[in-house]
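Below: one structure, written as structure tokens.
If you're wondering where the values come from, they're calculated on a predicted model, not measured in any experiment. Every chain is numbered from 1 and lettered A, B, ... according to where its sequence line falls, protein lines coming before strand lines.
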Amino acid sequence: MSVLLIAEVLEGQLNKDSTAKALTAAVQLGDVDVLCASSGCGDAASELAALQGVAKVLCANDASYEYAIAEPMAALIVSLADKYEHIVFPATTSGKNIAPRVAALLDVMVISEVMEIKGADEFVRPIYAGNAIQTVTTADAKKVMTIRTASFDNAADGGSAAIEEIAAVACDTPVAWVSNEVQKSDRPELTSSSVIVSGGRGVGSEEDFKLIEALADKLGAAVGASRAAVDAGFAPNDQQVGQTGKIVAPQLYIAVGISGAIQHLAGMKDSKVIVAINKDEDAPIFQVADYGLVADLFDAVPEMTAALE
Amino acid sequence: MKILVPVKRVIDYSVKARVKSDQSGVELNNVKMSINPFDEIAVEEAIRMKEAGTASEIVVVSIGVEKSQETLRTALAMGADRAILIKAADTVDTDIEPLAVAKLLAKVTEEEAPGMVILGKQAIDNDMNATGQMLSALLGWSQVTYASKITVDGDTLNVTREVDAGLQNITAKLPAVITADLRLNEPRYVKLPNIMKAKKKPMDIKTPEDYGVDVSPRLTITSVVEPPARAAGIKVESVTELMDKLKNEAGVLS
């Protein structure tokens, strides 16, 4: 039996990064067909066909798939499910929205945020925001799962899979897209940025958070914040990194004036390189930091920013 | 309109989860337990809808061990009207999977006939992020996940959703299943007199058998281990040394 990978295609645009990483996981399970469902997904389908490891691209071109609304997407995927043992999504907000719906319609459990594939029915996934790692086996005939993209490398280009047009499945959905409010900031998005500079309570005020932003801009980084900084009003909610905020795993995470509460560590400790700048040498953040600098952030951060000029 | 709010009893978010030495799971005995933070946000949203006159009654339901009553009492103290406990586990180590939870909630929904179900987007223990989507599928109700703003306009919901790229606005017809994201609201603090009052609010106690639902798990947990520890880091003496290490040792700065 083969694998059906659901590509993330929103408004005709392929999210190549997350899809190519999920593909690296999917090829470990068998021959991979990729579903490209969107309105006008021709370019996305061609990009997918060029990824190494894709056996075939199934292209469903219909307006009802343009915003990946869960109801029509799940109806389409369920209609294809007979031929596949594994149905795999990238663990993006879109994938995590649709996968459990597909699983319930097939009467199987969903396996969320898979970080390692041990066999056709054995998977490793984080629980408690990554504070514990669980291995599960499933007895379900079909395995529906989302892939934690930070755990897999990108599949390479260089493939030449066939593209097969498939029919849309009629679905009378009670949900309709209205508009997007994409963040106006020129900075990269927090969960996909390769560098993040985060500020904590130690930054002291909303005004002084500009120091964090200035360093981030020099690094081309996203700006994050601890829950303490968000609760104190220094930074907006959508910048919160932690167990109840965003879970991030960039190449470089710079924690400034962050003590390192469990809540916060749960959201960033999978980062490749962690830098901590804090004047309290006993701060718990230093226990997870690759490079710790015991210093006053009001001296150290402007110095770093200047050094990057 | 009646609103149904499912809530889960989980380890308090401020407590570090500790893996048991036999690798069977996370230590849950003698650990502070609380309402799942995202479910608390769902309860708050339902109460605000009642205060605004959109909702008439709030029923909270929890599925788990007997002690989940405490979680339900928290929701009642916040302002929910009555509670249903479905006693589905004898020990705190038995976690009922989202598929089974969704099946039970579908039965409760048929009985209670609410106009909407609001629940947290995920529980902070198993991080499955699945129950709301599954319930929506089983009921055939509008699926509205990761809500950060909800307004009700007749039989239509206007919802702002948190998605990877930012925010997305959608409309959804009622009835609907809505999952609450972090930014939907800030839950109120419970006042002592309300805790006392909550003790007198009605609570039905049921079992999965009452609803004819099989809650046996589909997944077998073969091990639970600590995540790999990070290699010990070093302290640097200056910004200059830090920048040098990031460029030449870690290779993360060009």
Give a yes or no on this: more than 12 heavy atoms of other residues, nucleotides or ligands lie within 6.0 Å of atom [atom1] of [X].
| X | atom1 | result |
| --- | --- | --- |
| B:Glu241 | CD | yes |
| B:Lys149 | NZ | no |
| A:Gln13 | CD | no |
| A:Asp172 | CG | no |

Pick whichever of [options] has the most heavy-atom pairs under 4.5 Å with chain A.
| options | value |
| --- | --- |
| B:Leu138, B:Leu246, B:Thr145, B:Thr222 | B:Thr222 |
| B:Leu99, B:Ile11, B:Thr131 | B:Leu99 |
| B:Trp141, B:Phe38, B:Tyr146 | B:Tyr146 |
| B:Leu242, B:Leu253, B:Val19 | B:Leu242 |
| B:Val224, B:Thr171, B:Thr160, B:Thr240 | B:Thr171 |
| B:Val144, B:Leu219, B:Val252 | B:Leu219 |

Once you round to the nearest 0.5 Å, how far does [atom1] of [X] lie from [atom2] of [Y]?
| X | Y | atom1 | atom2 | answer |
| --- | --- | --- | --- | --- |
| B:Arg218 | A:Ile111 | CZ | CD1 | 11.5 Å |
| B:Gln168 | A:Ser94 | CD | OG | 8.5 Å |
| B:Ile170 | A:Tyr67 | CD1 | OH | 13.0 Å |

Check step by step if side chain to side chain donor-acceptor pair (under 3.5 Å) holds for A:Ser112 and B:Asn129. CA-CA 7 Å; A:Ser112 306; B:Asn129 190 331; over 6 Å; no
[X], part contacting chain B, at a heavy-atom distance under 4.5 Å:
| X | result |
| --- | --- |
| A:Ala295 | neither |
| A:Leu265 | neither |
| A:Phe123 | neither |
| A:Glu71 | side chain |
| A:Ile133 | both |
| A:Asp107 | both |
| A:Val275 | side chain |

Please lay out, stage by stage, how A:Thr173 and B:Lys173 fare under the test side chain to side chain contact (heavy atoms under 4.5 Å, CB included). CA-CA 9 Å; A:Thr173 173; B:Lys173 292 277 177 216; over 6 Å; no
For the student: nearest non-hydrogen atoms of [X] and [Y], plus distance:
| X | Y | result |
| --- | --- | --- |
| B:Lys235 | A:Glu281 | NZ-O, 3.7 Å |
| B:Gln133 | A:Asn97 | CG-O, 3.3 Å |
| A:Met304 | B:Met243 | CE-SD, 3.7 Å |
| B:Ser238 | A:Leu293 | N-CD1, 3.7 Å |
| A:Arg101 | B:Ser136 | NH1-OG, 2.8 Å |
| A:Tyr291 | B:Lys245 | CE2-CB, 3.6 Å |

In sequence, state the C-alpha distance, the side-chain angles, and the governing distance for B:Asp127 and A:Arg148, and then conclude on salt bridge (Lys or Arg N to Asp or Glu O under 4.0 Å). CA-CA 12 Å; B:Asp127 288 338; A:Arg148 191 171 185 275; over 6 Å; no
Among [options], single out the residue with the greatest number of heavy-atom pairs under 4.5 Å to chain B.
| options | value |
| --- | --- |
| A:Val195, A:Val102, A:Leu252 | A:Leu252 |
| A:Glu113, A:Gln240, A:Arg125 | A:Arg125 |
| A:Thr137, A:Asn237, A:Asn180 | A:Thr137 |
| A:Lys272, A:Glu122, A:Gln251 | A:Lys272 |
| A:Ser179, A:Ser194, A:Ala266, A:Ala139 | A:Ser179 |
| A:Val178, A:Asp299, A:Ile274 | A:Val178 |

Is [X] in contact with chain A via its backbone, its side chain, both, or neither, using a 4.5 Å heavy-atom distance?
| X | result |
| --- | --- |
| B:Pro98 | both |
| B:Glu237 | backbone |
| B:Val239 | both |
| B:Ala102 | neither |

Any non-hydrogen side-chain atom of B:Lys16 less than 4.5 Å from a side-chain atom of A:Gln263?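 A side-chain contact is absent here, since even the closest heavy-atom pair is not under 4.5 Å.
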Using side-chain heavy atoms (C-beta onward) and a distance below 4.5 Å, is A:Lys269 in contact with B:Pro227?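 Side-chain contact under 4.5 Å: yes.
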Audit row: B:Met128, A:Lys96, side chain to side chain contact (heavy atoms under 4.5 Å, CB included) steps and yes/no: CA-CA 9 Å; B:Met128 279 286 185; A:Lys96 291 191 282 194; over 6 Å; no
Is the NZ or CZ atom of B:Arg18 both under 6.0 Å from the centre of the six-membered ring of A:Tyr128 and within 45° of that ring's axis?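 No cation-pi geometry.
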Side chain to side chain contact (heavy atoms under 4.5 Å, CB included) between A:Arg227 and B:Tyr13, intermediate numbers included: CA-CA 12 Å; A:Arg227 181 173 175 142; B:Tyr13 80 90; 3.9 Å; yes
Between A:Lys246 and B:Asp164, does any side-chain N to carboxylate O distance fall below 4.0 Å?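 No, this pair does not count.
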Between A:Gln134 (side chain) and B:Ile221 (backbone), is there a donor-acceptor pair under 3.5 Å?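 No; judged by distance alone, with no hydrogens or angles, the pair does not exist.
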May I ask you to decide if A:Gln287's main-chain N or O and B:Arg230's side chain share a donor-acceptor pair within less than 3.5 Å?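 No, because the side chain of B:Arg230 does not come within donor-acceptor range (under 3.5 Å) of the backbone of A:Gln287.
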